[in-house]
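These notes are about the structure you will find just below.
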Amino acid sequence: MHQEGNEVPRDCTDVKLPYGLLRPRFLDGKWVEGASKEEIEEFTRPRERPLSDIEIVGQQSTDHEISDMSQWQNITELEIQAMEHGQNITELEIQSMEQGQKITDMEIEQMMQGQAQTDQELRLLELEAKLNV
């Protein structure tokens with residue numbers, strides 16, 4: 001019965017509709033949600049608003065800055081590699097000079113031995129000359 005004494009039609013109810021139902025359905029004397037879980041998730045997910053012109057320019061500027069930083073990082077890495085290669089070359093040059101110095105030292109030692117041998121041969125010739133006099 002309706003409050004005024006009138007009957008409520010079969011396709012109507014005097015049960016108040018609760019707030020928050022996406023697709024309300026009246027079943028078994030109460031209001032229930034008629035939307036599927038997927039429909040509710042789609043309806044309640046945050047909507048992305050289009051970016052303003054200022055936001056677009058800001059995003060582009062940020063993207064360019066990130067790109068620039070990435071390129072500078074690559075340049076820095078290449079410079080480090082070049083310095084490492086330069087260091088390797090310097091170490092090889094030092095090793096080469098050290099080996100050259102060893103060769104020079106051995107040549108000097110060989111010349112000194114040759115000089116000593118020549119001195120001994122001259123002394124031997126002098127002694128033979130004194131004996132033959």
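- The CD atom of Q59 lies 10.5 Å from the NE2 atom of H64; values are rounded to the nearest 0.5 Å.
- Using a distance-only test at 3.5 Å, with no hydrogens or angles considered, no donor-acceptor pair links the side chain of S67 to the main chain of D63.
- Residue V32 comes nearest to L21 through the heavy atom pair O-CD1, 3.9 Å, listed as atom of the first residue, atom of the second, then distance.
- Ion pair R123/E128 not flagged as a salt bridge, since none of the NZ, NE, NH1 or NH2 atoms sits closer than 4.0 Å to an Asp/Glu carboxylate oxygen.
- Interatomic distance, F43 CZ to S36 OG, rounded to the nearest 0.5 Å: 13.0 Å.
- In this model, no donor atom of one side chain and acceptor atom of the other lie less than 3.5 Å apart for E77 and Q81.
- A donor-acceptor pair is defined here as one N or O able to donate and one able to accept, closer than 3.5 Å; no such pair exists between the side chain of S96 and the backbone of L92.
- In this structure, W31 and T13 have side chains that are in contact, with non-hydrogen atoms separated by less than 4.5 Å.
- Residue Q113 holds its CD atom at 11.0 Å from CE of M106, rounded to the nearest 0.5 Å.
- N132 contributes atom CG, which lies 11.0 Å from atom CG of L127 (distance to the nearest 0.5 angstrom).
- In this structure the side chain of I66 reaches within 4.5 angstrom of the side chain of T62, judged on heavy atoms.
- Going from atom OG1 of T104 over to atom CE of M111 covers 9.0 Å, rounded to the nearest 0.5 Å.
- You'll find the side chain of Q117 reaches within 4.5 Å of the side chain of E121, heavy atoms only.
- Taking 4.5 Å as the limit, every side-chain heavy atom of K30 sits out of range of all side-chain heavy atoms of V15.
- Between I80 atom CD1 and I75 atom CD1 the span is 12.5 Å, to the nearest 0.5 Å.
- Counting heavy atoms from C-beta outward, S52 and E55 have side chains that approach closer than 4.5 Å.
- Side chain to side chain, D105 and Q101 meet the donor-acceptor criterion of an N or O pair below 3.5 Å.
- The pair E39-R23 meets the salt-bridge criterion, with a side-chain N (NZ, NE, NH1 or NH2) lying under 4.0 Å from an Asp/Glu carboxylate O.
- Here the side chains of D119 and Q115 are in contact, with some heavy-atom distance below 4.5 Å.
- Q87 places none of its side-chain heavy atoms less than 4.5 Å from the side chain of M83.
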